Amino acid sequence: MNSLLTLAAERAAHYLATLDARGVAPSPDDIARLAALGGSLPDGPTEPEAVIAQLDDIGSPATVGTAGQRFFGFVIGGSLPVTVAANWLATAWDQNVGLWAASPTGSALEEIALGWLVDALKLPPGTGGAFVTGATVANFTALAAARHAVLARQGWDVGADGLFGAPEITVVVGDEAHPSLLKSLGLLGLGKKRVVRVPTDDQGRMRADALPALSGPAIVCVQAGNVNTGAFDPAGAIIPWAHDAGAWVHVDGAFGLWAAVAPDRAHLVADFADADSWATDAHKWLNVPYDSGLAFVRDPDILRAAMIMSADYLPKTERREPSEYTPELSRRARGVEIWAAIKTLGRAGLSDLVERTCRQAQRFADGLSAAGYPILNDVVLNQVLVSFGDQDAVQRVVRGIQSDGTCWCGGTVWQGHPAMRISVSSWATTDEDVERSLDAILRVAAREGATTARPV
Ligand SMILES: *Cc1c(COP(=O)(O)O)cnc(C)c1O
């Protein structure tokens, strides 16, 4: 075991140390070599050292450099060094954090991390939470609590009796709701299509002047941080309106909720604290390893009522039982890395991480704009949308940047306009990385004949 772990650690350290010197995207040849990991099911054993060596020799070159300094696609952070190390230790522990009895350490770390998260994200004291795989399942978990609560108020037990014959629930979402929120609604039997969609403005914010009339059980979903623009729904207008109608308010804040940790950005998210539930990611802006998401519910008893199960073989303790708050029973101890990240950063480090990446996004916007390329969004957070002309031009630039290898950005279509997306989410990105990447983008854009006309 000892030599094997040392081998893995040495190879992992070498991988990280050499990441900066290679292209962010793997080469087609490196991807083609992955076939060598296949073949028919081996008849006999292979030495573990040889297995790790093959994983590294063939697997590492075909990774995307998302752990590095210049990956700006989707919204993908890296992993803070301490969280990689904590993850290794926790993997060696092999704790099942479904039950306190099976992992006092894992359970306690989740409780402590939950308290710190509620504090850092400025959620109401006493808010309950679940450590899940990502924002999709966090949305699912929080919305399951919402579904439970709005039907319980009608005297209906959805867990026991299901949705057939239940009072109808009105679900309100913004036109720019993330597809994973709609997926969660579909999984919960609330339907992706039967939602009431509220029109949005040019930044993707729900229009508070276009809210529907509400009656009966209702769930209103608002967004903190649009995946394209970074914009926030006007929660200050929507939440009081929803609560007046007796509705539950859920926030999809996969990355936007983290604005709360930076004093200069906290105003963006302040009004969202009045909601009833929140979903966010830890694997995006907190920069912990995949997979790690968080569901928060103001009233922990409601989350527990929606998630609890019991079996005679499962011990009951006086402690918080983690699995009473999550969809899963058996589960890895995700609180370990979150605890390590917050312990290492502290309030100041959290604030610096969010503020720095927002400032770097603004630098990208300023640099591109100075070269004449239109920025399609108000850069309020860490997201930038830049136009290089028509669909063909944007595609040429995006492909050109990805194969150039200096950095990695993806494409999108924003309200009918093709654009390139830049998301600055990694702890590892330096100001120098931003300048190098900006130079590369401008070089490729000029080479590919990008145009500077503002799309109409
Ligand atoms: C990324 C994202 C999600 C989905 O998160 P996963 O961690 O990929 O499941 C949901 N909503 C928003 C706004 C996002 O940015």
Side-chain angles (χ1 to χ4, degrees), residues 64 66 71-79 83 117 121 129-144 146 171 173-188 192 195 197-198 200 203-206 219-233 235 249-260 265 268-269 272 275 277-296 326-328 331-332 334 337-338 341 354 357-358 361 377 380-385 409-410 412 414 421-426:
V64 176
T66 49
F71 184 86
F72 306 114
F74 314 106
V75 186
I76 289 190
S79 291
T83 67
L117 287 161
L121 297 171
F131 293 73
V132 295
T133 49
T136 304
V137 176
N139 277 324
F140 170 83
T141 304
L143 287 166
V171 179
V173 305
D175 236 349
E176 278 285 343
H178 194 274
S180 70
L181 182 102
L182 296 166
K183 174 175 173 171
S184 306
L185 291 168
L187 291 172
L188 287 162
K192 296 187 228 187
V195 295
R197 283 176 167 273
V198 176
T200 47
Q203 298 300 311
R205 294 173 294 223
M206 282 164 88
I219 300 170
V220 175
C221 303
V222 292
Q223 182 165 256
N226 177 287
V227 77
N228 278 307
T229 63
F232 292 73
D233 285 337
V249 181
H250 170 68
V251 179
D252 178 1
F255 58 98
L257 215 55
W258 293 90
R265 312 274 161 181
L268 293 166
V269 78
F272 289 80
S277 61
W278 306 261
T280 196
D281 268 316
H283 57 218
K284 286 179 179 167
W285 228 346
L286 184 60
N287 280 259
V288 304
Y290 284 94
D291 43 26
S292 193
L294 297 153
F296 299 104
T326 52
E328 303 93 343
R331 191 164 59 74
R332 78 179 188 93
R334 292 194 180 81
E337 301 115 12
I338 295 176
V354 167
T357 41
C358 288
N377 65 316
V380 294
L381 210 61
N382 60 337
Q383 307 291 116
V384 180
L385 296 177
C409 304
T412 189
W414 175 245
R421 279 179 78 235
I422 301 172
S423 172
V424 191
S425 311
S426 175

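In each ligand, atom 1 is the first atom listed, and ligand 1 is the first ligand listed. Being a predicted model, the structure only gives us computed values, none of them experimental.
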Provide, line by line, the atom pairs where ligand 1 and the protein bring an N/O atom each to a distance under 3.5 Å; else say none.
| from | atom 1 | to | atom 2 | distance (Å) |
| --- | --- | --- | --- | --- |
| ligand 1 | 5 (O) | Asp281 | OD2 | 3.2 |
| ligand 1 | 7 (O) | Ala135 | N | 3.0 |
| ligand 1 | 7 (O) | Asp281 | OD1 | 2.9 |
| ligand 1 | 7 (O) | Asp281 | OD2 | 2.7 |
| ligand 1 | 7 (O) | His283 | NE2 | 2.8 |
| ligand 1 | 9 (O) | Ala135 | N | 3.4 |
| ligand 1 | 9 (O) | Thr136 | N | 2.9 |
| ligand 1 | 9 (O) | Thr136 | OG1 | 2.6 |
| ligand 1 | 11 (N) | Asp252 | OD1 | 3.1 |
| ligand 1 | 11 (N) | Asp252 | OD2 | 2.7 |
| ligand 1 | 15 (O) | Lys284 | NZ | 2.9 |

Return yes if some donor-acceptor pair links the side-chain N/O of [X] with the main-chain N/O of [Y] below 3.5 Å, else return no.
X      : Y      : answer
Asp175 : Arg197 : no
Asp291 : Gly134 : no
Arg421 : Cys409 : no
Arg331 : Thr326 : no

Partner of Asn377 under side chain to side chain contact (heavy atoms under 4.5 Å, CB included), chosen from Asn228, Asn226, Leu385: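 Exactly one candidate clears the test, Leu385.
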
Does the side chain to side chain contact (heavy atoms under 4.5 Å, CB included) test come out yes or no for Val173 and Lys192, once each step is laid out? CA-CA 10 Å; Val173 305; Lys192 296 187 228 187; over 6 Å; no

